Amino acid sequence: MPEGHSVRRLAQQFGDVFTGEALSVSSPQGRFAAGAALLDGHILTDSRAHGKHLFLHFDHAVVLHVHLGLYGAWDFGGDATFLGASSIGAPRKIGEREVFDDDGTAEYAGPPEPRGAVRVRLVSAHGWADLRGATTCAAITEAEAGAVLARLGPDPLRNQPEARTRFVTGVLSRKTPIAALLMDQKVIAGVGNVYRAEVLFRQGLDPWLPGNALQGSAAGLLWDDTAVLMADGVRDGRIITTPAGYWAEGAALPSGDDAHYVYKREGLPCRVCAAPVAITELAGRKLYWCPGCQQ
DNA sequence: GATTAATGCTAAA
DNA sequence: TTAGCCTTAATCT
């Protein structure tokens with residue numbers, strides 16, 4: 001999935017192109033027909049992300065709650081007004097991989113025929129958005145949205161009071177391996193398998209180190225580095241954890257192969273110590289790490 | 001063309 | 001603990 005940085009970009013995109021607009025809401029696939037009817041015709045008033053959760057608030061205190069899960073994605077399209085309103089480069093798709101139109105010459109002729117299982121379609125005067133493949137898509141009350149937030153840990157992309165302290169305390173109070181704690185959305189919201197592997201490498205932490213065995217300062221630095229990486233991800237629209245020295249000569253951005261230290265690099269030599277990058281299954285997910293650097 | 005794996009979580013069993 | 005979501009890209013045959 002899109003980790004927290006993608007969902008933050010989605011919230012930004014909805015804010016840019018739909019806030020203040022009355023939206024026609026439908027469910028071409030049918031599975032969200034009742035929820036769509038509840039939202040249809042209402043004005044989008046706010047758009048927020050917390051971790052991997054997206055909340056679209058409407059003018060009658062109903063909230064569209066979306067979690068993309070493993071492969072959910074939003075598609076966008078619209079006229080020049082719509083495209084011009086987007087502050088993040090007007091991607092056509094935000095989800096597991098962002099897609100940009102190669103040219104802006106196509107005439108806008110309204111929303112296309114729904115292709116595949118479109119769970120929700122939002123249509124404004126100037127554009128549209130389609131949701132497919134999401135794990136969660138629900139019309140809920142403000143109170144219910146608050147309950148979802150309450151069970152999430154601090155999000156490094158938000159300026160919440162005591163966020164860093166809450167993370168450090170959460171880590172130090174548990175004996176669970178740090179690699180598992182980073183994936184626990186109650187401990188820190190928005191980190192997925194890529195950021196987990198990369199930030200542990202960058203901090204030189206053994207993935208199996210129990211949370212309560214970390215130094216408080218190490219846990220704090222882990223939070224700080226995660227926050228930096230995720231903010232970069234919001235800016236870039238992708239996860240890049242290596243510095244320019246590891247990219248092709250003169251490249252402004254790395255190729256996919258050069259963007260990470262360990263993620264999906266099992267068996268390849270570590271970029272720092274040349275030991276083979278290891279892969280292990282941990283709680284049903286693949287964990288990539290360098291046995292040389294992370295001890 | 002078919003199969004697999006994927007940045008994740010929920011609900012059923 | 002497992003199926004499910006029902007997409008996409010990469011890898012297979």
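Sequence lines set the chain letters: A, B, ... in the order given, protein chains first and strands last, and positions in each chain run from 1. Note: hydrogens, waters and symmetry copies are ignored here, and every other heavy atom, side chains too, is used. Only a predicted model underlies this, so the values are computations on that prediction, with no experimental measurement involved.
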Problem - Given C:dT8, B:dG8, C:dT7, the nucleotide with the shortest approach to the side chain of A:Glu3 - result: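 The answer is B:dG8.
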Practice task
With heavy atoms under 4.0 Å as the rule, sort A:Arg31 into base, sugar-phosphate or nothing.
Solution key: sugar-phosphate
For the pair made of [atom1] in [X] and [atom2] in [N], what is the distance, rounded to whole Å?
| X | N | atom1 | atom2 | value |
| --- | --- | --- | --- | --- |
| A:His67 | B:dT10 | NE2 | P | 6 Å |
| A:His53 | B:dG8 | NE2 | P | 12 Å |
| A:Tyr263 | B:dG8 | OH | C1' | 12 Å |
| A:Leu70 | C:dA9 | CG | P | 14 Å |
| A:Lys52 | B:dA6 | NZ | P | 15 Å |
| A:Asp184 | B:dT10 | CG | C1' | 15 Å |
| A:Arg132 | B:dA6 | CZ | P | 23 Å |
| A:Arg285 | B:dC9 | CZ | P | 7 Å |

With a 4.0 Å limit, can you tell me whether [X] has a side-chain N or O closer than that to the phosphate oxygens OP1/OP2 of [N]?
| X | N | value |
| --- | --- | --- |
| A:Arg119 | C:dC6 | yes |
| A:Gln29 | C:dC5 | no |
| A:Gln185 | B:dC9 | yes |
| A:Lys264 | B:dA5 | no |

Name each donor-acceptor pair under 3.5 Å that joins a side chain in residues 258-267 of chain A to protein atoms two or more places apart or in another chain, with its distance.
unit_1: A:His260; atom_1: NE2; unit_2: A:Ile239; atom_2: O; d: 3.0
unit_1: A:Arg265; atom_1: NH1; unit_2: A:Tyr261; atom_2: O; d: 3.2
unit_1: A:Arg265; atom_1: NH1; unit_2: A:Pro269; atom_2: O; d: 3.3

Practice task
Would you please indicate if the ring centroids of A:Phe18 and A:Phe82 are separated by under 6.0 Å?
Solution key: yes
Practice task
Measure from the ring center of A:Phe14 to the ring center of A:Phe55 and say whether it is less than 6.0 Å.
Solution key: no
Linking Ile, Leu, Val, Met, Phe, Trp and Tyr by side-chain heavy atoms under 4.5 Å, what else ends up with [X]?
| X | result |
| --- | --- |
| A:Ile43 | none |
| A:Leu287 | A:Trp208, A:Leu282, A:Trp289 |
| A:Val228 | none |

Handout entry: Set of residues satisfying side chain to side chain contact (heavy atoms under 4.5 Å, CB included) with respect to A:Arg31, sequence neighbours excluded
Key = A:Gln29, A:Arg119
[atom1] atom, [N] versus [M]: distance in rounded Å?
| N | M | atom1 | answer |
| --- | --- | --- | --- |
| B:dG1 | C:dC6 | P | 25 Å |
| B:dT10 | C:dT8 | P | 23 Å |
| C:dT13 | B:dA5 | P | 13 Å |

Exercise for the section: Look at A:Lys186 together with A:Asp184 and state whether they make a salt bridge at an N to O cut-off of under 4.0 Å. Expected result: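 The answer is yes: the pair qualifies as a salt bridge.
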Practice task
List for me each residue that meets salt bridge (Lys or Arg N to Asp or Glu O under 4.0 Å) alongside A:Arg9, sequence neighbours excluded, and say none if there are none.
Solution key: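 Residues passing salt bridge (Lys or Arg N to Asp or Glu O under 4.0 Å) with A:Arg9: A:Glu98.
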Problem - For A:Asp225, all residues meeting salt bridge (Lys or Arg N to Asp or Glu O under 4.0 Å), sequence neighbours excluded - result: A:Arg202
Would you tabulate the side-chain donor-acceptor contacts of residues 132-140 of chain A under 3.5 Å, counting partners in other chains and residues two or more places apart, or write 'none'?
unit_1: A:Arg132; atom_1: NE; unit_2: A:Arg115; atom_2: O; d: 2.8
unit_1: A:Arg132; atom_1: NH1; unit_2: A:Asp75; atom_2: OD2; d: 2.9
unit_1: A:Arg132; atom_1: NH2; unit_2: A:Arg115; atom_2: O; d: 2.7

Completion exercise
So the ring-ring contact (aromatic ring centres under 6.0 Å, His included) pairs with at least one residue in residues 131-169 of chain A (sequence neighbours excluded) are A:Phe167-A:Trp223
Output the residues of [range] in contact with DNA chain B, where contact means a heavy atom of the residue under 4.0 Å from an atom of the strand; sort by number or write none.
| range | value |
| --- | --- |
| residues 144-154 of chain A | A:Arg151 |
| residues 187-197 of chain A | A:Gly192, A:Asn193, A:Val194 |
| residues 225-236 of chain A | none |

